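All values below were derived from every heavy atom in this structure, side-chain atoms included, with hydrogens, water molecules and symmetry-related copies excluded. Labels below follow one simple rule: chain letters A, B, ... track the order of the sequence lines, proteins then strands, and each chain is numbered from 1. From a predicted model like this one, the values you see are computed outputs, not experimental measurements.
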Protein chains: 2
Amino acid sequence: MPEQRFTSVWTREHKPRRAQQGLSREQIVRATVELLDAEGMEALSMRKLGARLGAGATSLYWHVANKNELLELAMDEVFGAVRIPDSESWREVTSNVAWGLRAAIMAHPWFTFVLGSLPALGPNAMNCSATLCAALARAGFQKHDIDYAGAAILSYTIGATAPEAAYTSALKSRGITMEQAQRDLAPAVEEAARAHPEIHARFQEAVESTIDPIAHRQLSFDFGLVSMLDGLSMRLPRSADMSADHLTK
Amino acid sequence: MPEQRFTSVWTREHKPRRAQQGLSREQIVRATVELLDAEGMEALSMRKLGARLGAGATSLYWHVANKNELLELAMDEVFGAVRIPDSESWREVTSNVAWGLRAAIMAHPWFTFVLGSLPALGPNAMNCSATLCAALARAGFQKHDIDYAGAAILSYTIGATAPEAAYTSALKSRGITMEQAQRDLAPAVEEAARAHPEIHARFQEAVESTIDPIAHRQLSFDFGLVSMLDGLSMRLPRSADMSADHLTK
DNA sequence: AATTCGCTCGCACACTGTTCGAGAATCGTC
DNA sequence: GACGATTCTCGAACAGTGTGCGAGCGAATT
């Protein structure tokens, strides 16, 4: 095995081409996102993408080295959809970024899939994480703790949203309603509950709940996010001065 | 579009076959995990898997409906590798599950990939979440908060570990050392840092750090996990009685 | 002995990502 | 204008994919 190098779209530089006519990288990426949104991950193929752009499939390979690069670019596009807040309060900044990222992932469920296989090194991803780090540094975290706290927030946000997005998009692409899925899943859960009465109680409560599933998930996300931020604020040298603003709910 | 149903390995029942000879589902799943561990996600094909079992590719389709079902089964196998702790302290139980799951994911990096595309509904996944829920209920959480808290812990654990596993396995499969990757990435980060001095400082600190990368990541994971658990314990009716045991570090 | 069942598997189909090399279109320079 | 260089497009082809179909096999049941 020869001495390999680590490559990514972001490690090669890219001249933005000379003329307006014909294909361009931005145009291709935009079409990629559209196609992914419309038909999902497994429907994306170079031939289909080419056809959508009125071009041959292999023409794309001039602008992009391979499909993975295309996915890296598309992923960063999603990070770019996160609106970066402007506020003094670190809690406001971090929770805005978290909710914004969540919204972006839910709007582009294939994101999860890409994130699981490719590293997120694009400028927009950097931007998100830089925003978090800046806010956390201002809040009073020191050195490595800044990274750790930022990573914790991003990790929770992605980990909480990704499976949710995967699930809802799997339903949508197969044309199944959420009620239908819950009905189909019931026997399997019933089976699992035989060994774990704890789960059965949870499931019963979920079925009988009057809260609709979407609100339910937002509550769940909020619960975890607030808990994480509370836990982080305990790590600040003086946490008393900031710890009140989440209690107003 | 006809009225579809939601299907999964776990929604069909499965007779465990009659004789010992020939293929069996367990055997196939075991071979799948082995192949995935050895050669990674994109190397898994039905033909290769069949060959490894000394069978034709299409023979597998008798025991498993399709490749996705196989991946669901393999994923649950990873959840099954998590050792379920036995303790009174909810903090001990939850953090043991979190660290166990983290270890399992790091040992089987393809897990991330599957989780991003398929729902985790298997018995072992249920078992993990039931363990968490039971501990949290014993700790004093009520009703929905039990789910929320359990989901928060799982979300953080998966969200923190998944990209890490994806990254390290991408390096390994391409035969790249971590130092080499950091060297290759440097210019891209440098470029990104131009706009965000915050990131540049973080990166400098990481490069100059004397802590080795693996320990660094464990520290980061621990930081977020402890923060999350601290935040959760604030939500307990009486948090005073439990809040001391993390201060011992 | 005949029949049914559980299981294996070769063939075939429609499709995939990507390489290669021939060609077209456009540019900078004379 | 003309000519060479550069930038870009794309058809053909290759090796490989998941999986439906239906012919066949051995063993258990009738």
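- Nearest nucleotide to the side chain of Y61(A), out of dT19(C), dT9(D), dT8(C): dT19(C).
- Residues in residues 53-62 of chain A take part in no side-chain hydrogen bond (donor to acceptor under 3.5 Å, both in side chains) pair, two or more places apart or across chains.
- Residues of residues 42-49 of chain B that place a heavy atom closer than 4.0 Å to DNA chain D, in numerical order, are L44(B), S45(B), M46(B), R47(B).
- Nucleotide dT17(D) holds its P atom 11 Å from the CD atom of E39(B), rounded to whole Å.
- Checked against ring-ring contact (aromatic ring centres under 6.0 Å, His included), W110(B) has the following partners two or more places apart in sequence or in another chain: H108(B).
- Of the residues in residues 65-72 of chain A, those placing a heavy atom less than 4.0 Å from an atom of DNA chain C are N66(A), K67(A), in numerical order.
- Between the side chains of N68(A) and E72(A), no donor N or O sits under 3.5 Å from an acceptor N or O.
- Among the atoms of the strands shown, only primed sugar atoms or phosphate atoms (P, OP1, OP2) are found under 4.0 Å from some heavy atom of A55(B).
- The CD atom of Q27(B) sits 13 Å away from the P atom of dC7(C) (whole-angstrom rounding).
- Not a single ring-ring contact (aromatic ring centres under 6.0 Å, His included) links H200(A) to another residue, sequence neighbours left out.
- Between H63(B) and dT8(C) there is a side-chain N or O to OP1 or OP2 distance below 4.0 Å.
- Residue L53(B) contributes atom CG, which lies 15 Å from atom P of dC7(C) at whole-angstrom precision.
- For residues 150-168 of chain A, the pairs satisfying side-chain hydrogen bond (donor to acceptor under 3.5 Å, both in side chains) are R102(A)-E164(A), with sequence neighbours left out.
- Considering only residues two or more places apart in sequence or on other chains, R52(A) meets the side chain to side chain donor-acceptor pair (under 3.5 Å) condition with E34(A).
- Below the 3.5 angstrom threshold, one finds a donor paired with an acceptor across the side chain of T58(A) and the base of dG11(D).
- For A165(B), the side chain to side chain contact (heavy atoms under 4.5 Å, CB included) partners two or more places apart in sequence, or in a different chain, are I105(B), M106(B), P109(B), T112(B).
- With hydrogens and angles left out, the side-chain atoms of Q27(B) and R30(B) include no donor and acceptor closer than 3.5 Å.
- The side chain to side chain donor-acceptor pair (under 3.5 Å) search around Q218(A) returns none, not counting sequence neighbours.
- Atom P of nucleotide dT7(D) and atom CZ of R25(A) are separated by 15 Å, given to the nearest angstrom.
- Between S59(B) and the phosphate of dC7(C), there is no side-chain N or O to OP1/OP2 separation shorter than 4.0 Å.
- In this structure, NE2 of H14(B) is placed 13 Å from C1' of dG6(C), rounded to the nearest angstrom.
- In terms of the side chain to side chain donor-acceptor pair (under 3.5 Å) criterion, residue partners of R12(A) (sequence neighbours excluded) are, by chain and number, E69(A).
- Residues forming a side chain to side chain donor-acceptor pair (under 3.5 Å) with N96(B) (at least two apart in sequence, or on another chain): none.
- One atom, CH2 of W62(A), and another, P of dT6(D), lie 11 Å apart when rounded to the nearest Å.
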With the criterion being N/O to N/O and under 3.5 Å, what pairs connect the protein with nucleotides 22-24 of chain D, and how long is each?
none

